[in-house]
Enquirer: 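Have a look at the structure that comes next, please.
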Amino acid sequence: QVQLVESGGGLGQPGGSLRLSCAASGSIFKVYAINWYRQAPGKQRELVAAVTGGGSTDYADSVKGRFTISIDNAKNTVYLQMNSLKPEDTAVYYCHADLLGGRQVQRLDVWGQGTLVTVSS
């Protein structure tokens, strides 16, 4: 099966930067999309960044110009570079993959475990 493992969360300062990583393991045949979501306590989960298998990217208006999603195919890893951090960026961040993979090749909807990002002085 395919698994996603996130890392890079922690404490950031307003105006600072953090880089989140999402490493995939297992057999992946085709990637349809990789997404980064975030969820703050008491709030609904929101999509903040996405990249398709073809390389197209999209961002929520709240992070546009500050966050960048990228893929390192050699390492099977997706990154979320977060610059100019704001307190409202505080949330648990999740990576999500829509892909074709696994030992028995099938369409999979895979989530990482989440990593907490706290932006505070």
Enquirer: Which atom pair, heavy atoms only, marks the closest approach of A50 to N35?
Expert: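 Scanning both residues completely, I find the closest heavy atoms to be CB-OD1, 3.1 Å.
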Enquirer: Same cluster or not: are Y37 and V2 linked, directly or through other Ile, Leu, Val, Met, Phe, Trp or Tyr residues, by side-chain heavy atoms under 4.5 angstrom apart?
Expert: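 No, because Y37 and V2 fall into different hydrophobic clusters, even though each may have its own neighbours under 4.5 Å.
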Enquirer: Sequence neighbours left out, what passes side chain to side chain contact (heavy atoms under 4.5 Å, CB included) with D72? Give chain and number order.
Expert: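 Applying side chain to side chain contact (heavy atoms under 4.5 Å, CB included) to D72 gives A74, K75, Y79.
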Enquirer: Does CZ in F29 sit with more than 12 non-hydrogen atoms of other residues, nucleotides or ligands closer than 6.0 Å?
Expert: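 12 or below, so no.
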Enquirer: Report, as yes or no, whether the 6.0 Å neighbourhood of atom CD on E88 holds more than 12 heavy atoms from other residues, nucleotides or ligands.
Expert: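 Yes, CD of E88 has more than 12 neighbouring heavy atoms, counting only those of other groups under 6.0 Å.
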Enquirer: Could you tell me which residues satisfy side-chain hydrogen bond (donor to acceptor under 3.5 Å, both in side chains) with D61, sequence neighbours excluded, listed by chain and number?
Expert: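 So D61 forms a side-chain hydrogen bond (donor to acceptor under 3.5 Å, both in side chains) with K64.
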Enquirer: I need the minimum non-hydrogen distance between T77 and S21, along with the two atoms involved.
Expert: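 Of all heavy-atom pairs spanning T77 and S21, the closest is CG2-CB, 4.2 Å.
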Enquirer: If every non-hydrogen atom of L80 is compared with every non-hydrogen atom of A49, which pair is closest and at what distance?
Expert: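 Heavy-atom minimum between the residues: CD1-CB, 3.9 Å.
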Enquirer: Please name all residues satisfying side chain to side chain contact (heavy atoms under 4.5 Å, CB included) with V117, sequence neighbours left out, ordered by chain then number.
Expert: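 Testing V117 for side chain to side chain contact (heavy atoms under 4.5 Å, CB included), a comparison that skips the adjacent residues, returns L18, L20, M82, Y93, V119.
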Enquirer: Closest heavy-atom contact between C22 and W36?
Expert: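 For C22 and W36, the tightest heavy-atom pair comes out as CB-CZ2, 3.7 Å.
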Enquirer: Which residue pairs pass the ring-ring contact (aromatic ring centres under 6.0 Å, His included) test when at least one of the two sits in residues 48-69, sequence neighbours left out?
Expert: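 For residues 48-69: none.
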Enquirer: Please tell me if the side chains of R38 and V63 come closer than 4.5 Å, counting only heavy atoms from C-beta onward.
Expert: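 Yes, their side chains come closer than 4.5 Å.
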Enquirer: Between H96 and L47, is a side chain to side chain contact (heavy atoms under 4.5 Å, CB included) present by the stated rule, with each step listed?
Expert: CA-CA 10 Å; H96 165 263; L47 179 66; over 6 Å; no
Enquirer: Between atom OG of S120 and atom CG of D89, what is the distance when rounded to the nearest 0.5 Å?
Expert: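 The distance works out to 12.5 Å.
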Enquirer: For Q39, what residues pass the side-chain hydrogen bond (donor to acceptor under 3.5 Å, both in side chains) criterion, not counting sequence neighbours?
Expert: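 Checked Q39 against side-chain hydrogen bond (donor to acceptor under 3.5 Å, both in side chains); matches are R45.
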Enquirer: Which pair of non-hydrogen atoms, one from S17 and one from N83, has the smallest distance, and what is that distance?
Expert: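 Where S17 meets N83 most closely, the heavy atoms are OG-OD1, 2.8 Å.
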Enquirer: For Q13, look at atom CD and say whether over 12 heavy atoms of other residues, nucleotides or ligands are found less than 6.0 Å away.
Expert: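 Open: at most 12 neighbouring heavy atoms sit under 6.0 Å from CD of Q13.
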Enquirer: When you group the ILVMFWY residues by side-chain heavy-atom contacts below 4.5 Å and let the links chain together, are V51 and L4 in the same group?
Expert: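 They do share one cluster, since a chain of ILVMFWY contacts under 4.5 Å joins L4 to V51.
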Enquirer: Same hydrophobic cluster for I71 and V31, using side-chain heavy-atom links shorter than 4.5 Å among ILVMFWY?
Expert: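 I71 clusters together with V31.
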Enquirer: Would a 4.5 Å heavy-atom cut-off, applied to side chains only, mark Q106 and Q1 as touching?
Expert: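 Yes, their side chains come closer than 4.5 Å.
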Enquirer: Between I28 and V110, is there shared hydrophobic-cluster membership here, with clusters defined by ILVMFWY side-chain heavy atoms closer than 4.5 Å?
Expert: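 Yes; tracing contacts between hydrophobic side chains, which count when under 4.5 Å, links both residues.
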Enquirer: Under 4.5 Å between side-chain heavy atoms, hopping through other hydrophobics if needed: is there a path connecting L99 to V105?
Expert: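 In one cluster: no.
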Enquirer: Taking E6's backbone N and O only, do any of them form a donor-acceptor pair with Q113's side chain (distance below 3.5 Å, no angle check)?
Expert: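 Yes.
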Enquirer: Sequence neighbours left out, what passes salt bridge (charged side-chain N to carboxylate O under 4.0 Å, His left out) with D98? Give chain and number order.
Expert: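 Applying salt bridge (charged side-chain N to carboxylate O under 4.0 Å, His left out) to D98 gives R107.
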Enquirer: Hey, what do you get for CG (D58) to CD1 (I69), rounding to the nearest 0.5 Å?
Expert: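 D58 atom CG to I69 atom CD1 measures 10.0 Å (nearest 0.5 Å).
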